[in-house]
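The figures here come from the full heavy-atom set of this structure, side chains too, leaving out hydrogens, waters and symmetry mates.
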Amino acid sequence: MQSGAKTNEPARWVFLLLIASAGGWAQSRAQGSQTPAPPVTSAPADAPQPAEPQTALPRETAIENPLGRAGAISGSAFGGYGELTLNAPSNGPSVVDMRRLVLFFGHDFSEKLRFYSEVEIEHAISSAADQGEVEVEQAYLDGLLHKRLNLRGGLILMPVGIVNIYHEPPSFNGVDRPDLDQVLIPTTWREAGVGIFGELVEGLRYQLYGVTAFNANGFTASAALREGHQEAQLAYAGDFGAVARLDYEPVLGTVLGFSAYGATSGNSLRSTVGRVPVGLFEVDARTRWAGFTARAEAALVFVGDAAALNRALADGTAEQQEAVPVSSQARGAYLEVGYDLLRLLAPKERQTLTAFARAEFVDTQADVPPGSTPRREFRRYSGVAGLVYRPIPQIALKADYRRREFGEGRGFNEIATAITWLF
């Protein structure tokens, strides 16, 4: 009987979350029927909606905000976001986790100079005996010169992909970020750097930074570059790189993006391997029309001198030996579509209940060097379907189902729920 109770435990979590979501929606409907919305804040259901949750802070729009696309902060500002999650895989124990709590601090010194930062606490408790961490996720200064040309320097969020830029939990569907944004793009990816950004013409924005590079000692067969990012933690300055991004918004609600990154990453392996060249190219698109949303993304990673790198890692620590072979290429993509069901059930509601589905593919062993055997268990396929209820854009209650398959080995199912917020 105890085993059966444990099996049903995830289902009860999902049920309780959906009941809470329905209760919140019903309460809002009741309040809406009693007190009409003031004319100044009312809007028809088909009015254009921003692609991401909007606040008075520049957190979600670090580029658009200083370019006049959103209201700038005045003086000092404080905010944050976070998520409490339940993950219940069929091949392991169910886990409830205070996955992250992030606090935002910003300050405008003047109309031309501002400071921006985020401090993240992961897994609720940070100590030598616990798995939690406290991290500085961003900390930089902006010099706002002109709409077309502005300066930025500090610990910078790398402008690669959708989720690495817009990573606040209410801004994306699903409890977990797409595999591409966890493996190929090491979200949340940040490095120390300096550079420029701006809007060349209406709807065409750019970012260009010189940044610290990866540490090739951390490259692995399972996660490609992910464990090599340095994040300004006593980062080795002998290798460096550059990252660039273009965003083009041809019509309101549709954004096309392209990112490119290149660097050398020898670090302590320079004496035996040399400066390991690394490249990453990414394209993405997202659109929103009426109640329909969609996004797609693809990325390709190149690692030069992978054969020499693997030989050096094989002669290293036991952990490095387990990490080989590092592939010369890693690739991945996903496609997601969603629809706001309240467009059909309650057209006048400003709340949303998004049903979505996402198909994903990531292969970190796409092209291993000659003489190495690819590890097919790191070819990943995923299908995700779920619901996201947003009583307001800054709060999202999530429930979804995921099926995972691999190039080798058994797949498994997973149920997940989350409570997320942004302010």
Sequence neighbours left out, what pairs pass salt bridge (Lys or Arg N to Asp or Glu O under 4.0 Å) with at least one residue falling in [range]?
range: residues 374-385; value: E322-R375, D363-R379, R375-E377
range: residues 364-374; value: none
range: residues 90-106; value: E83-R100, R99-D176, R100-E120
range: residues 222-238; value: R190-E231

My understanding is that only residues two or more places apart in sequence, or in another chain, count here; which of them pass side chain to side chain contact (heavy atoms under 4.5 Å, CB included) with [X]?
X: D247; result: R205, R245, V255
X: I196; result: L149, L151, Y206, L208
X: F412; result: P89, S90, N91, R404, F406, E414

Do [X] and [Y] come within less than 4.5 Å of each other through their side chains, counting heavy atoms only?
X: T354; Y: L341; value: no
X: L184; Y: V362; value: yes
X: V201; Y: K147; value: no
X: R152; Y: N150; value: no

Which residues satisfy the ring-ring contact (aromatic ring centres under 6.0 Å, His included) test with [X], sequence neighbours excluded?
X: F105; result: F78
X: F378; result: none
X: F292; result: none
X: F361; result: Y381

Is [X] reaching over with its side chain to a backbone N or O of [Y], donor-acceptor style, under 3.5 angstrom?
X: D130; Y: G132; answer: no
X: E199; Y: G203; answer: yes
X: R390; Y: P170; answer: yes
X: N215; Y: S265; answer: no
X: E133; Y: S126; answer: no
X: D400; Y: V175; answer: yes
X: T187; Y: I185; answer: yes
X: Q320; Y: D315; answer: no
X: S171; Y: E168; answer: yes

Side-chain H-bond candidate by donor/acceptor type, [X] with [Y], under 3.5 Å:
X: E118; Y: Y81; result: yes
X: E191; Y: T212; result: yes
X: E336; Y: Y334; result: no
X: S259; Y: E282; result: yes
X: H107; Y: S76; result: yes
X: D142; Y: Y116; result: no

### Message
Can you confirm whether more than 12 heavy atoms, excluding those of Q131, are under 6.0 Å from its CD atom?
### Response
no

### Query
Does a sphere of radius 6.0 Å around CG in L234 hold more than 12 heavy atoms from other residues, nucleotides or ligands, not counting ones at 6.0 Å or beyond?
no

Rounded to the nearest 0.5 Å, what's the gap from [atom1] on [X] to [atom2] on [Y]? Could you check?
X: L397; Y: I419; atom1: CG; atom2: CD1; answer: 6.5 Å
X: L144; Y: F197; atom1: CG; atom2: CZ; answer: 5.5 Å
X: H167; Y: R177; atom1: NE2; atom2: CZ; answer: 6.5 Å
X: R402; Y: S382; atom1: CZ; atom2: OG; answer: 4.5 Å

Under 3.5 Å, side-chain donor or acceptor atoms of residues 300-312 against the rest of the protein: list the pairs with distances, not counting sequence neighbours.
from : atom 1 : to   : atom 2 : distance (Å)
N310 : OD1    : V326 : N      : 2.6
N310 : ND2    : A306 : O      : 3.1
N310 : ND2    : V326 : O      : 3.1

### Message
Regarding D239 and R275, does a basic nitrogen lie under 4.0 Å from an acidic carboxylate oxygen?
### Response
yes

### Query
Between E297 and R295, is there a salt bridge with N-O shorter than 4.0 Å?
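Salt bridge flag = no for E297 with R295.
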
#### Entry: K398 NZ/CZ over F356 ring centroid, <6.0 Å and within 45° of normal
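Not flagged: K398 not positioned over aromatic ring of F356.
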
### Query
Under the criterion ring pair (Phe, Tyr, Trp, His ring centres under 6.0 Å), which of W189, F240, Y236 is the partner of F214?
W189

